S.K.: 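Please see the structure below; I have some questions.
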There are 2 protein chains.
Amino acid sequence: MSQPQPSTVRNRLLRALGSDDFARLALALERVPLTLGDILIGPHRRIAYAYFVEEGIVSVVADTAEGRIEIGITGFEGLVGTPLVLSTDRTPHMAIVQVEGAALRLPADALRAALTDSPTLRGVLGRYVQSLIVQVGQTVHAGRDLTVEGRLAHWILMTHDRLGRDELPLTHEFLSVMLGVRRPGVTAATHTLEGNGLITARRGCITVRDREKLEEMAGDTYGVAEAEYERLLTDE
Amino acid sequence: MSQPQPSTVRNRLLRALGSDDFARLALALERVPLTLGDILIGPHRRIAYAYFVEEGIVSVVADTAEGRIEIGITGFEGLVGTPLVLSTDRTPHMAIVQVEGAALRLPADALRAALTDSPTLRGVLGRYVQSLIVQVGQTVHAGRDLTVEGRLAHWILMTHDRLGRDELPLTHEFLSVMLGVRRPGVTAATHTLEGNGLITARRGCITVRDREKLEEMAGDTYGVAEAEYERLLTDE
DNA sequence: GAAGGGCCGTACGAAAACGTACTAAATATT
DNA sequence: AATATTTAGTACGTTTTCGTACGGCCCTTC
């Protein structure tokens, strides 16, 4: 028996499931590594698996004429492959591994069958999608109302939560894509945050030093989505 | 019998339903006017009804320290109250009437019951939520990669589709909130579009004159979400 | 038909971010 | 150890958008 047990799983959605729902999925779950740059879901391609992230970060991005833009971000709190929850097996977006880690993947058919059979599973995963929508809304807010420094703080906080450690393996180049700014803009913003003691940065790695001040800097672009996630996973 | 018949309904989701699913909802549907400024869903309040929009525009907005920001937009192609589809009855967002019209509203309980009973209804409404997510993604793209003029073109196109007529009753003040820019910025952008013959503007009203050029101006921020909607409503 | 309020046009200095190009440092490669 | 490659830092003129303020127009209301 190599199937995961609830107690050995980090993914918060799987842990939130009742034992019957977990059992429904467990047989078909398979642990796979997430390697930097892996494309878990390609644009307009059939989605073969849903991924319950155990460790690492996966981003949902749109591929546009002006390059990739980030729509949303998923860590061990979430699921990649939300279109399957929404009764379709394609999406124009892509899901790509941004920080390496691991996931429990589930064949699309198995997820579909489980969703058909279990109202409670539909509840948990539907509410997760709701929390994702709120997350995207917060990102819209950040892009509109914050300077580059603020947006950087916002993004670091989200990643910090979803990675569960203080050292974030991120290059400026990468961040510039995520934040939608020039690469030198990231350099400047990083220095500002570092100068104020909110983070320390070295080549390819940012370390969180003062979460509270980061939250202050992100203002009300941070927290709403996270509160919504907690509410949705515990309330009902 | 004052319940709506499929043939008298404009809402595209209702029209896409099979006759059994439509019948399931019809008894509880009630036609209500949508008055400018009506708040259909308040932030963190219990959602009492879902609204299948028949005419007019409803926006999903987030209320932030920096004012309201638009997350998404719904016309006769959609449904207001998507959190109900996602198994929750609250959301931090609000839904507010931006262009007056009418809707068929459905008590939350009735929607929940119908969703529990009907996998096909879950399919249609779930896929609609998916199309909304894509729509929000396009808005993120527009906010990041277009100038104010381009974003205005993007917004006019979306509204044009969802209103189904060429005359859009919009003030600069209102647009400045939707686009997240200064009010004089809207004035300038409007003049540019008008100068190129894409629209004509008079006090409180913008008239679409050249959709093709508007689409050109919006680039690939327009079209993806609309194609996705059509695919999702017809494909499966 | 005068008054007032909402809507629109215009102007201008300031700030943020851009595009681009080039240098420097750290890590990989051989 | 020498060299290539990736990542990070810096510089500078340009563009976009901002904040703010004020004047004019249309339309309602009295």
Side-chain angles (χ1 to χ4, degrees), chain A residues 36-37 64-69 98-100 140-156 167-195 199-207 217-219 221, chain B residues 36-37 64-69 98-100 140-156 167-195 199-207 217-219 221:
Chain A
L36 189 63
T64 77
E66 288 78 18
R68 289 181 176 164
I69 64 163
Q98 306 289 24
V99 175
E100 63 173 12
V140 172
H141 180 197
R144 177 155 300 176
D145 296 321
L146 294 182
T147 61
V148 175
E149 282 113 38
R151 271 181 277 168
L152 179 58
H154 171 82
W155 205 90
I156 290 174
E167 309 215 332
L168 318 177
L170 308 166
T171 67
H172 291 191
E173 175 65 33
F174 169 78
L175 283 169
S176 76
V177 174
M178 292 300 104
L179 300 178
V181 298
R182 285 172 323 137
R183 205 266 309 148
V186 174
T187 304
T190 304
H191 289 170
T192 305
L193 297 195
E194 201 169 11
I199 60 172
T200 53
R202 25 174 248 280
R203 193 188 172 75
C205 181
I206 286 178
T207 305
M217 181 151 245
T221 69
Chain B
L36 189 64
T64 76
E66 289 79 19
R68 289 180 176 164
I69 63 163
Q98 306 289 23
V99 175
E100 62 172 12
V140 172
H141 180 197
R144 177 155 301 177
D145 296 321
L146 295 182
T147 62
V148 175
E149 281 114 39
R151 272 181 277 168
L152 178 58
H154 171 84
W155 205 90
I156 289 174
E167 310 214 332
L168 319 177
L170 309 166
T171 67
H172 290 192
E173 175 63 34
F174 168 79
L175 283 168
S176 76
V177 174
M178 292 301 102
L179 300 178
V181 297
R182 288 170 321 135
R183 204 266 310 147
V186 174
T187 304
T190 304
H191 290 170
T192 305
L193 297 195
E194 201 169 10
I199 60 171
T200 52
R202 23 173 252 279
R203 194 190 173 73
C205 181
I206 286 178
T207 305
M217 182 152 246
T221 68

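The structure displayed is predicted, hence computed values, not measured ones. Each chain gets a letter, A, B and so on, in the order its sequence line appears, and its residues count up from 1.
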S.K.: From L152(B) CG over to I206(B) CD1, what is the distance, rounded to the nearest 0.5 angstrom?
M.R.: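 So the gap between those two atoms works out to 5.5 Å.
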
S.K.: Can you measure from CE (M217(B)) to CG (L193(B)) and round to the nearest 0.5 angstrom?
M.R.: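 If we round to the nearest 0.5 Å, M217(B):CE and L193(B):CG are 5.5 Å apart.
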
S.K.: Kindly compute the distance separating CD1 (I199(B)) from CD1 (I156(B)), expressed to the nearest 0.5 Å.
M.R.: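 So the gap between those two atoms works out to 4.5 Å.
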
S.K.: The criterion is side chain to side chain donor-acceptor pair (under 3.5 Å); which residues satisfy it with T200(B), sequence neighbours excluded?
M.R.: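 T200(B) satisfies side chain to side chain donor-acceptor pair (under 3.5 Å) with R209(B) once adjacent residues are dropped.
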
S.K.: Find the distance between CD1 (I69(B)) and NE2 (H141(A)) and round it off to the nearest 0.5 Å.
M.R.: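 Rounded to the nearest 0.5 Å, the CD1-NE2 separation comes to 5.5 Å.
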
S.K.: Could you tell me the separation between the CD atom of E149(B) and the P atom of dT16(D), rounded to a whole number of Å?
M.R.: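 Atom-to-atom, E149(B) to dT16(D), this comes out as 8 Å.
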
S.K.: Could you state the atom-to-atom distance from CZ of R151(B) to P of dT16(D) in whole Å?
M.R.: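 Those two atoms, CZ and P, are 12 Å apart.
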
S.K.: E167(A): what forms a side chain to side chain donor-acceptor pair (under 3.5 Å) with it, not counting sequence neighbours?
M.R.: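 None.
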
S.K.: At 4.0 Å (heavy atoms only), tell me whether G185(B) reaches a base, stays on the sugar-phosphate, or touches nothing.
M.R.: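 Counting heavy atoms under 4.0 Å across all strands, no contact is made by G185(B).
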
S.K.: Quick one: L146(A) CG to dC18(D) P, roughly how many Å, whole number?
M.R.: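 In whole Å, dC18(D) P lies 14 Å from L146(A) CG.
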
S.K.: Please give me the minimum heavy-atom distance between T207(B) and R202(B), naming the atom from each residue.
M.R.: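 Heavy atoms of T207(B) and R202(B) come nearest at OG1-NH1, 4.4 Å.
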
S.K.: Going by number, which of residues 186-194 of chain A have a non-hydrogen atom under 4.0 Å from DNA chain C?
M.R.: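 Within this stretch, nothing sits under 4.0 Å of the strand.
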
S.K.: Could you check if a side-chain atom of V181(A) sits within less than 4.5 angstrom of a side-chain atom of R151(A), using non-hydrogen atoms only?
M.R.: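 Result yes, sub-4.5 Å side-chain heavy-atom pair found.
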
S.K.: Which protein N or O atoms sit under 3.5 Å from an N or O of nucleotides 19-26 of chain D?
M.R.:
{"residue": "dG19(D)", "atom": "N7", "partner": "R182(B)", "partner atom": "NH1", "Å": "3.1"}
{"residue": "dG19(D)", "atom": "O6", "partner": "R182(B)", "partner atom": "NH1", "Å": "3.1"}
{"residue": "dC26(D)", "atom": "O2", "partner": "R203(B)", "partner atom": "NH2", "Å": "3.4"}

S.K.: So how far is it from L179(A) CG to L146(A) CG, rounded to the nearest 0.5 Å?
M.R.: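 Taking CG in L179(A) and CG in L146(A), the distance rounds to 10.5 Å.
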
S.K.: Just how far is it from atom CD of E173(A) to atom CE of M178(A), taken to the nearest 0.5 Å?
M.R.: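 Rounded to the nearest 0.5 Å, the CD-CE separation comes to 10.5 Å.
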
S.K.: Measure across T187(A) and H172(A) and return the closest heavy-atom pair with its distance rounded to 0.1 Å.
M.R.: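 It is OG1-ND1, 3.1 Å.
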
S.K.: How sharply is the helix from dC8(C)-dG23(D) to dT30(C)-dA1(D) bent, taking the axes over five pairs at either end and rounding to 10 degrees?
M.R.: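 One end's axis against the other's: 40°.
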
S.K.: If you walk 5' to 3' along DNA chain C, what is the first nucleotide with an atom under 4.0 Å of a heavy atom in chain A, and what is the last?
M.R.: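 Boundary nucleotides touching chain A, in 5' to 3' order, are dA17(C) to dT27(C).
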
S.K.: More than 12 non-hydrogen atoms from neighbouring residues, nucleotides or ligands closer than 6.0 Å to CD on E194(A), yes or no?
M.R.: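 Check passes, neighbour count above 12.
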
S.K.: What I'd like to find out is whether the side chain of E66(B) reaches to under 4.5 Å of the side chain of R144(A), using heavy atoms alone.
M.R.: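 The answer is no; the side chains never approach within 4.5 Å.
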
S.K.: Considering every strand and a 4.0 Å limit on heavy-atom distances, what is the contact class for G180(A): base, sugar-phosphate, or nothing?
M.R.: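 Counting heavy atoms under 4.0 Å across all strands, the contact made by G180(A) is with sugar-phosphate only.
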
